[in-house]
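In what follows, a single structure is set out as structure tokens and then discussed.
What you see below is based on every heavy atom in this structure, not just the backbone, and it leaves out hydrogens, waters and symmetry mates. Please read all numbers here as calculations on a predicted model, not as lab measurements.
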Amino acid sequence: MSWLPLSFGAPMVLWGLLALPVIWWLLRLTPPRPQTEVFPPLRILARVLRREETPQQSPWWLTLLRLLMAALVVMALAEPVFNPREKLPAEGAALALVIDNGWASAADWNKRVATAERLIADAGSNGVPVVIAFTAEKPNAEIGPFDASAALDHLRAAKPRPIPTDRPAVYARVAAALERLPGASVAVLADGLAAKGDEAAFRTLLEKNANRLVWATSDRPSVTGLIGADNQVDGFALTAIRAPGNPAPGQVTAGAFDDKGRRIADATLTFAPGEATATGTMAVPFELRNDFASIALDGEHQAGAVRVLDESSKRRRVGLLSQAEADQAQPLLSPLYYIRRALQPFADLVEPSTADLADAIPQLLDQKPAMIIMADVGTIPAQVKQRLVDWVDKGGTLVRFAGPRLAAAGNDDDLLPVRLRSGERALGGALSWTTPQAVTEFPKNGPFADLSPPSDVTVSRQVLAEPTPDIVERTWATLADGTPLVTGMKKDKGTLVLFHVTPEATWSNLPISGSFVEMLRRIVQLSRNQGAAIANAEATSASLAPYRMIGADGMLTPPSPDARPLVPGAGPLPVTLENPPGLYGSETGVFAHNLLDTSSTFAPLVRPQVSLPVTAVPYAFDESENLKGPLVAIALLLMALDTLAVFWMGGLLARRPRRAGTAATAAAVLVVLGGLFGHADLARADDSKPGDGQAIDDISKTRIAYVITGEPGVDSISRAGLEGLTRFLIEKTALEPGPPAGVDIAKDELSFFPLIYWPIDATAPMPSQAAIARIDAYMQQGGTVLFDTRDQFSNGIGAGSASPATERLRDILGNLNVPPLEPVPSDHVLTKSFFILPEFPGRFNGSPLWVEASLDASNTENRPVRTGDGVSPIMITANDFAGAWAIDENGDPMLPTVPPDPMQRVYALRAGVNIMMYMLTGNYKSDQVHVPVLLERLGQ
């Protein structure tokens, strides 16, 4: 490849440039038709005597124009290419393209397509057929071979899919197609992640009919996936993974979104060096957590970084109520002990402060629970019963457990699912002919249908239900003798459930079994909004229609035509083209089907070790540009200029000859040509001085400057910080500053900048006296310097013990005319110049912002440094403003705030806006205090 970023498809045509001297000679001997003008009094003589006068040669500028036009035509015929690319190896009997289009390829899919297009174009120029296959498509998808044009059509019609790849099956199909095309070049455009069966798949593809391997690699770092989002007691626990072996630490942020796509919570997950797993917690109230519809990692535009949530991820508030005394004295005998242990992992439990039902029930209802559990509660007081009934009718779930009190209370048709017989039934014992009964299979019409009946659970005492025609429909669990163990029914929008045994292990050992926990969990799920539809689908193995799918780019989209209904079941469900990740169900209830589960891991894909020649190419866009079209366009433009010049010289464009304007016209033509080729300075005199262009650029737009300290790390953060502040100013205000400028205070002109940010670093060289004098003059002429020691632990200006940065600042300020300083007062213009701010944090939030003390503005003799329009010439902070403002090329923050509060960065940016508005507008807002006095003097 040539060191010049220019190549020619037909370089032999360039020999035509040798004909330019001949063209010049011909043009000089064939000047244009001269302009003629007849003097009216001599018109008769002109008829008598006609003499044609021809100039000796063409004007030099017209000759130059035509020579340039001829040179451009020659260069265009040579097919020049700017930034030419290297031709890829696409030769042999065929080119086999195997492209991963699974979820991991979505982030840089366009680069993959561009790379594949170059391979297909080179195969087309070599006249070889193309076999093209994608590893995340239908098994019967056509793979070729195709010609180059048809292969491009198949490539552009493909798109990334939000499913894993299936390399073994696709590679086997490609290997079968290559049996008829031995000696083919195989190009593997993989997503960089290893999968099960890769070794055998590569062996099948490459061992027989391939003579070259083209291995495409990505410059993108390893993908990050979200494998866990668990709604725990104190917050949402998140787990992210990446490929192992990454030595660099990493930090990702996650956002939680509601069903309308609004971001309502954030969390930060940190990867330790070399670690593949990161965890974090969204510590927000459970009411807000229940609004989470999805959680996604920022910056990861692929399906593995998104988790959709269904009702199983939401927590509900459950009220517990018991009339028993002395729960604390004997916790194992407490009616609520086993209920608390069973519900605590997936519900927020609330209890009243009293056992008096007249006060306890209103206390629970005031906290708006989704479910209330009553452990052996007898007769409910009449003054609160109707309120409890209304709560159930509006959607509440009431779960009651039997016991001596309930058995003696009698029937309550409003708050029990079935009518009860009086008293209780004893099974087993010296005075009974029966034995304790086991639990039989759960009825298919109940929420426990898919649970296995506990073989070790027996019931020795129970309350019996009156036999009614609908008793079978209301029975959710039965004993071996057919009597109900759990009954339930829908009441308006709510649910009533009754366990016919006590909640402690006195009538039955059910409360100390694992089935008790699962049964309560199912009932809690029923109590949740939209939970019943999914619970019924799981119980009856019914299918759920696709509702909202996760696209390959991580966005929620409507279902595609390929999506099919999903049958929920136990354990992780496979993600396929027919069942892509997303939400299944309807508006009444959804089931979350996510791409990754808690056992998922990432492993980098290793290039197979083969004996074939291997060419590694990067995923990249084709940046070469054919210059033939632009050169022909410029030649046509010059031809038009030549035509106009000939018309002008022939007198067709003017009534009178203007010989004196010939030179001016030539100059104008040269200016046009110079503008086209970047040499307009040839046509005009340049009397500018060195540095004038930079000065014009500096004053054409408002720019923020920072002092170049000589420390690369400090200077890079300063520039990134001012770029972040500049972007924030453009987004939030009418001000559109130019890019920040780094200045050398010893030699650069400072007066062009209203504000100079100076990060103090103790390791940087001490400025010279001349440089400090220039800063002093800048401050006296109305400029402001913002000194930042970037150390919140310093004790402030003038303190007894100070950090090295503060000591260096003292040395600098000792040579300046510094006015008296004070922390920004609460009524200072800086607190209200744009945003209302009580403080000015940066990356830290432990230091005040020092400004010039508010002295008598009219007494200029008493002011050590003259200020302009009430603006302080000096500001001092230790909060590291630039560190908080700094962003990378993607617009993401570079440094964390201390403490890690996202709003602190927002307030830091707002502080920067206030400082800039204060610098540019002065004390105009402080003058508003005089408005009432002025209106009073005007009599208004």
Side-chain angles (χ1 to χ4, degrees), residues 251 253 255 263-268 298-299 701-707 714-742 753-759 784-792 823-824 826 828-851 871-872 875-921 925:
Q251 191 176 73
T253 58
R263 191 183 186 106
I264 54 178
D266 297 278
T268 300
D298 295 334
K701 267 199 172 185
T702 301
R703 302 175 70 190
I704 314 173
Y706 64 93
V707 174
V714 176
D715 295 340
S716 63
I717 293 298
S718 297
R719 182 168 189 86
L722 294 187
E723 287 177 350
L725 177 58
T726 298
R727 181 179 296 184
F728 192 81
L729 283 165
I730 294 173
E731 292 175 353
K732 301 296 183 183
T733 72
L735 177 64
E736 295 188 2
F753 310 104
L755 176 68
I756 297 178
Y757 176 81
W758 190 337
T784 297
V785 181
L786 173 57
F787 295 93
D788 194 343
T789 60
R790 303 173 295 114
D791 183 5
Q792 71 163 343
V824 174
S826 60
H828 197 276
V829 179
L830 268 172
T831 65
K832 55 188 175 182
S833 58
F834 195 85
F835 294 103
I836 303 299
L837 293 178
E839 56 184 359
F840 297 82
R843 196 163 72 94
F844 310 118
N845 193 13
S847 169
L849 177 63
W850 295 81
V851 296
V871 177
S872 175
M875 299 182 190
I876 301 176
T877 185
N879 285 336
D880 192 7
F881 280 163
W885 301 336
I887 58 175
D888 58 18
E889 59 184 6
N890 296 323
D892 298 325
M894 296 178 62
L895 300 175
T897 60
V898 180
D901 183 7
M903 287 306 300
Q904 182 171 325
R905 192 181 310 278
V906 175
Y907 290 141
L909 290 166
R910 292 179 178 179
V913 172
N914 275 26
I915 291 173
M916 281 303 298
M917 294 299 105
Y918 171 65
M919 290 304 309
L920 298 176
T921 61
K925 283 209 171 181

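- Of all heavy-atom pairs between R910 and F728, the closest is N-CE2, 4.2 Å.
- Here the closest non-hydrogen pair linking A908 and A884 is CB-CB, 3.6 Å.
- Using modelled atom types, no side-chain atom of S847 and backbone atom of T877 make a donor-acceptor pair closer than 3.5 Å.
- With sequence neighbours excluded, the residues satisfying side-chain contact (heavy atoms from CB on, under 4.5 Å) with T784 are L755, V871, M875, M919.
- Applying the side-chain hydrogen bond (donor to acceptor under 3.5 Å, both in side chains) test to Y706 and every residue at least two apart in sequence or in another chain returns nothing.
- Pairing each heavy atom of L725 with each of L909, the nearest pair is CD1-O, 4.0 Å.
- The side-chain hydrogen bond (donor to acceptor under 3.5 Å, both in side chains) contacts involving residues 880-894 comprise R843-D880, where partners must be two or more places apart or lie in separate chains.
- Pairs engaging residues 899-909 under the salt bridge (charged side-chain N to carboxylate O under 4.0 Å, His left out) rule: none recorded [sequence neighbours left out].
- Residues D715 and R719 have side chains not in contact (no heavy-atom distance under 4.5 Å, counting atoms from C-beta outward).
- Looking only at side-chain heavy atoms (C-beta outward), K832 and L837 stay at 4.5 Å or farther from each other.
- The minimum heavy-atom distance between V824 and H828, with the atom names listed, is CG1-CB, 3.6 Å.
- A distance of 11.0 Å separates OG1 in T831 from CG in L849, rounded to the nearest 0.5 Å.
- Every side-chain contact (heavy atoms from CB on, under 4.5 Å) that A265 has, sequence neighbours left out, goes to A256, M282, V284, F292.
- Remark: T733 OG1 to M916 CE distance equals 8.5 Å, nearest 0.5 Å.
- When all heavy atoms of R703 and F753 are compared, the pair lying nearest together is O-CD2, 3.7 Å.
- In this structure N845 satisfies the side-chain hydrogen bond (donor to acceptor under 3.5 Å, both in side chains) test with no other residue, sequence neighbours excluded.
- Partners of R727 according to the side-chain hydrogen bond (donor to acceptor under 3.5 Å, both in side chains) rule, which considers only residues two or more places apart in sequence or in another chain, do not exist here.
- For T726, the side-chain contact (heavy atoms from CB on, under 4.5 Å) partners are I704, I730, P737, P740, not counting sequence neighbours.
- From E723, atom CD reaches atom CE of M894 across 9.5 Å, with rounding to the nearest 0.5 Å.
- Between D788 and A882, the shortest heavy-atom contact is OD2-N, 4.3 Å.
- With N879 contributing its side chain and F840 its backbone, the two residues share a donor-acceptor pair below 3.5 Å.
- Looking only at distances, a side-chain donor or acceptor of Y918 sits under 3.5 Å from a matching main-chain atom of S872.
- Tested against Y757, the residues I915, V785, L786 include a single side-chain contact (heavy atoms from CB on, under 4.5 Å) partner, L786.
- With sequence neighbours excluded, the residues satisfying side-chain contact (heavy atoms from CB on, under 4.5 Å) with V707 are I745, I756, W758.
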What verdict does the side chain to side chain contact (heavy atoms under 4.5 Å, CB included) test give for V898 and Q904, after you've listed the backbone C-alpha separation in whole Å, the side-chain angles of each residue and the deciding distance to 0.1 Å? CA-CA 9 Å; V898 180; Q904 182 171 325; 5.6 Å; no
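- Not counting sequence neighbours, the partners of D298 by the side-chain hydrogen bond (donor to acceptor under 3.5 Å, both in side chains) test are T253, R263.
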